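The model shown is predicted, which means the values in this text are computed figures rather than measured ones. In what follows, every chain begins at residue 1, and chains take the letters A, B, ... in the order their sequences are listed.
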Protein chains: 2
Amino acid sequence: MKLWTISELCSELGITTRTIRFYEDKGLLTPERLGANRIYSYKDKARMQLILRGKRLGFALDEIKEYIDLYDADLGPMQREQINFLLERVKERRVALIKQQNDLQEMLRELTLIEDECQGMLNVRPTVKG
Amino acid sequence: MKLWTISELCSELGITTRTIRFYEDKGLLTPERLGANRIYSYKDKARMQLILRGKRLGFALDEIKEYIDLYDADLGPMQREQINFLLERVKERRVALIKQQNDLQEMLRELTLIEDECQGMLNVRPTVKG
DNA sequence: GAAGACATTGACGTTAACGTCAATGTCTTC
DNA sequence: GAAGACATTGACGTTAACGTCAATGTCTTC
């Protein structure tokens, strides 16, 4: 079972040690310790990847934390009401993500239009002076 | 041809006047003036909507500005080389957006899994005490 | 013409997400 | 055992994206 030091994990993920410690302060992950030193497991790495994906999608760390909380909620000891509550949160998230997906597709369409326009300009005739 | 005052446009877009003035400072839009007062045209509104969409997608104002610059670049007076340069930028953007789209779909898949798991827990049996 | 409603331009404040630097500890290596 | 390499915990600094507040102007309305 593979383990990482902080600098190993950071270089694999392309972030700084400051960042990962900052996330720990914010309660986004809780690595084991070997003495004073942090030791990261595969699970920690996966969690960091979730966080970084959230960032790429433009979420704030608070929102990412909420997502992670949904992600590793333990349904076992939950009451029906709690599960229903969680389900609601999940559905809200889904709605927001689908909105974002629409925005994205719209933007991609626009880029395609611009691209076509550029290609059109380039294909009119190789050079004017001909 | 419809025109807006700053507070009209802001309330339609759900933002504050501070925000729109801030964007103007950053060079993201340049409304007309009637005396000292800003007057917004339909084009300004459309541009603001582009900006807000960019924000929803998690872009920084700098990136949004670059996008807008692509968006209303005037190809007419451009040299072939300039158009090719612009094309490159557009393609870079497209690559980044498609990455983001993949991230989004992955997250949606995960949400679906969580949702199913919740539904599963709820459907086992209505209540335990039966 | 005084009172509101709305606008303007500074300018300083605030929060999130880190960067940076100092002081200190531990572990290997020559 | 001194020198690096890597780690730790503060703590203060920085940047983006606004919020807030003061001073002031203009325009309507009673």
Figure out the CH2/P separation between B:Trp4 and C:dC6, and round it to whole Å. 19 Å
In whole Å, I'd like the distance from the CG atom of A:Asp62 to the P atom of C:dT15. 13 Å
Round to the nearest Å and state the distance from A:Ile15 atom CD1 to C:dA17 atom C1'. 13 Å
Here the gap from A:Leu13 atom CG to A:Ile20 atom CD1, rounded to the nearest 0.5 Å, amounts to 6.5 Å
OP1 or OP2 of C:dG19 less than 4.0 angstrom from a side-chain nitrogen or oxygen of A:Thr16, does that happen here? yes
I want to verify a distance call: between C:dT9, C:dA17, D:dA7, whose nearest atom is closest to the A:Lys55 side chain? C:dA17
Taking for each residue the nucleotide of DNA chain D with the nearest heavy atom, is it A:Arg21 or B:Tyr23 whose nucleotide lies nearer the 5' end? A:Arg21
Do B:Thr112 and A:Arg94 have side-chain atoms, one donor and one acceptor, less than 3.5 Å apart? yes
Between P of D:dA7 and CD of A:Glu8, the distance in whole Å: 8 Å
Are B:Lys65 and B:Glu24 ion-paired here, with the side-chain N under 4.0 Å from a carboxylate O? no
Is there a side-chain contact between A:Tyr67 and B:Glu110 (heavy atoms, below 4.5 Å)? yes
So that I can tick it off, tell me whether A:Arg47 and A:Asp72 are bridged by a salt bridge, with the cut-off set at under 4.0 angstrom between side-chain N and carboxylate O. yes
Got a second to check how far A:Ile114's CD1 is from B:Arg93's CZ, nearest 0.5 Å? 10.0 Å
Between D:dC12 atom C1' and A:Asp25 atom CG, what is the distance in whole Å? 15 Å
Scan every strand shown for a Watson-Crick or G-U wobble partner of C:dG25, both distances under 3.5 Å, and answer none if you come up empty. D:dC6
B:Asn37 has its side chain closest, among D:dA7, D:dA17, C:dT8, to C:dT8
If you check every side-chain atom of B:Ala36, which of D:dA7, C:dA7, C:dT8 has the closest atom? C:dT8
Are OP1 or OP2 of C:dA17 and a side-chain N or O of A:Thr19 less than 4.0 angstrom apart? no
When rounded to whole Å, the CZ to P distance for the pair B:Arg56 and D:dA17 reads 16 Å
Winner on side-chain proximity to A:Arg18, out of D:dC12, C:dA11, C:dT8, is D:dC12
Using a cut-off of less than 4.0 Å, is there contact between a side-chain N or O of B:Arg38 and OP1 or OP2 of C:dT8? yes
Provide, to the nearest angstrom, the distance between the CD atom belonging to A:Glu63 and the C1' atom belonging to C:dT15. 14 Å
Between D:dA17, C:dC6, D:dT9, which nucleotide gets closest to the side-chain atoms of B:Phe22? D:dA17
Any strand: nucleotide that pairs with C:dC30 via Watson-Crick or wobble, under 3.5 Å: D:dG1
Under 4.0 Å between any heavy atoms, over every strand shown, what does B:Phe59 touch: base, sugar-phosphate, or nothing? Just pick one. nothing
When both distances are under 3.5 Å in a Watson-Crick or G-U wobble arrangement, the nucleotide paired with D:dC12 is C:dG19
Does B:Thr17 make a side-chain N or O approach to OP1 or OP2 of C:dA7 shorter than 4.0 Å? no
Spacing of B:Leu13 atom CG relative to D:dC18 atom C1', expressed in whole Å: 16 Å
